[in-house]
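Report on the structure given below.
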Number of protein chains: 2
Amino acid sequence: MDVSTLPPPVTHESDTCAVVRAILARVGDKWSILIVRMLGDGSMRFSELRRSIEGISQRMLTLTLRNLERDGLVERTVTPTTPPRVDYELTDLGRSLQSITEAFGRWAVTHRDQIENARIRFDARQ
Amino acid sequence: MDVSTLPPPVTHESDTCAVVRAILARVGDKWSILIVRMLGDGSMRFSELRRSIEGISQRMLTLTLRNLERDGLVERTVTPTTPPRVDYELTDLGRSLQSITEAFGRWAVTHRDQIENARIRFDARQ
DNA sequence: TGTGCTGGTTACGATCAGGAACCGGAAGAG
DNA sequence: CTCTTCCGGTTCCTGATCGTAACCAGCACA
């Protein structure tokens, strides 16, 4: 996710479809929503995030945080101590997304069994 | 040094984390949310969907619909006429996701300018 | 002297999303 | 009887994205 190779800016057509697509391209990747959810409880250090998001690699955490920062959803604060300390927290814009990620998390937990069962049934039918 | 001294505590957070990741892997792709939003207004034919979701290829529409069907979010109905007619509509499970996709759509439309501006500012800073 | 923690970056390979083009059947158009 | 169109879907191939592993600099601690 090199910043210089990111997709082109959103056009100014008022097509909801296109807007949703553009935002999804930013926030619909593998880790963004998870990070936003994590930061919902308050600011966190880099390594704290790394430990609490199971399975994320250092590289992907860096890249995803950089993108979220670029999009104004997350703020990065460096404290030049030794060892250095870098904190990330949601901006107002990031917090405005929280209710959605919360809702999504609740939906996921509530319906995961139904999805799992549907998948098993579908695969059995083939 | 003994490395095994820090067992990753299986908290409620990390559980939710795994579930969210699993559901995101299904529904967080480029087109699923858009299709669910489209079908929110009622059942639609394949080609109807293709025309109304700007930019989707036939292949991705087929694949995404197949996955949504597999996960029990969408129901597929074939009417063997000539030309064949295939209708797709949301299941109850699919409809339960609607409020979230609606909210996401609204959020995307409302905040896209803020994201766009943040991105421009960030890029200018580099 | 060397090992660990901090927050990264770089190199590289595998995987998989996604677009272009194609398919086969039927019904018009001419 | 060809030529095109519409239908839903599939095959092929490229290039973006993700992940692993290694490396970096600065400082503390032993």
**OP:** Using whole Å, report how far CG of B:Asp29 lies from C1' of D:dA16.
**Re:** 15 Å
Subject >> Whole-Å gap separating P (D:dG19) and CG (A:Leu61) >> reply: 11 Å
Subject >> Polar side chain donor-acceptor pair, B:Ser32 to B:Asp29, under 3.5 angstrom >> reply: yes
**OP:** Looking only at side-chain atoms of A:Pro83, point me to the closest of C:dG19, C:dT6, D:dG19.
**Re:** C:dT6
Original post:
Would A:Met38 and A:Ile53 count as a side-chain contact (heavy atoms from CB on, under 4.5 Å) if you check the C-alpha gap in whole Å, the side-chain angles of each, and the deciding distance to 0.1 Å?
Top reply: CA-CA 8 Å; A:Met38 280 299 169; A:Ile53 301 179; 3.8 Å; yes
Original post:
Can you tell me how far C1' of D:dA28 sits from CZ of A:Arg85, to the nearest Å?
Top reply: 17 Å
Original post:
What does B:Arg51 touch in the nucleic acid at a heavy-atom separation under 4.0 angstrom: a base, only the sugar-phosphate, or nothing?
Top reply: sugar-phosphate
**OP:** Grab the CG-P distance between A:Asn67 and D:dA16 for me, whole Å please.
**Re:** 16 Å
Original post:
DNA chain C: B:Trp31 or B:Thr82, which has the more 5' nearest nucleotide?
Top reply: B:Trp31
Subject >> Set of ring pair (Phe, Tyr, Trp, His ring centres under 6.0 Å) partners for B:Trp107, sequence neighbours left out >> reply: B:His111
**OP:** Indicate yes or no for a side-chain donor-acceptor contact from A:Thr101 to the backbone of A:Val36 under 3.5 Å, with no hydrogens or angles considered.
**Re:** no
Subject >> Any A:Lys30 side-chain nitrogen or oxygen under 4.0 Å from OP1 or OP2 of D:dA16 >> reply: no
Original post:
OP1, OP2 of D:dG8 versus side-chain N and O of B:Arg45: anything below 4.0 Å?
Top reply: yes
Original post:
Just by distance, do the side chain of B:Thr81 and the backbone of B:Pro83 share a donor-acceptor pair under 3.5 Å?
Top reply: yes
Original post:
A:Met44 CE to C:dG7 P: how many Å, rounded?
Top reply: 12 Å
**OP:** Inspect the contact between A:Arg85 and A:Asp87 and indicate whether a charged nitrogen and a carboxylate oxygen are less than 4.0 angstrom apart.
**Re:** yes
Original post:
Which is true for B:Ser47 with a 4.0 Å heavy-atom rule: it touches a base, it touches only sugar-phosphate, or it touches nothing?
Top reply: sugar-phosphate
Original post:
Can you check the A:Ile56 CD1 to D:dT20 P distance for me, whole Å?
Top reply: 11 Å
Subject >> Per-nucleotide protein contact string for nucleotides 8-13 of chain C, where B marks a base within reach and S marks sugar-phosphate only (heavy atoms under 4.0 Å, - for neither) >> reply: BBBB--
Subject >> Position toward the 5' end of DNA chain D (nearest nucleotide), A:Pro84 or A:Ser57 >> reply: A:Ser57
Original post:
Taking atom P of D:dT20 as reference, at what distance in whole Å does atom CG of A:Leu63 sit?
Top reply: 14 Å
Original post:
Could you state the CE-C1' distance from A:Met60 to C:dT15, rounded to the nearest angstrom?
Top reply: 14 Å
Original post:
What nucleic acid atoms does A:Arg50 come within less than 4.0 Å of, heavy atoms only: base, sugar-phosphate, or nothing?
Top reply: nothing
Subject >> B:Arg95 (side chain) donor-acceptor with B:Leu90 (main chain) under 3.5 angstrom >> reply: yes
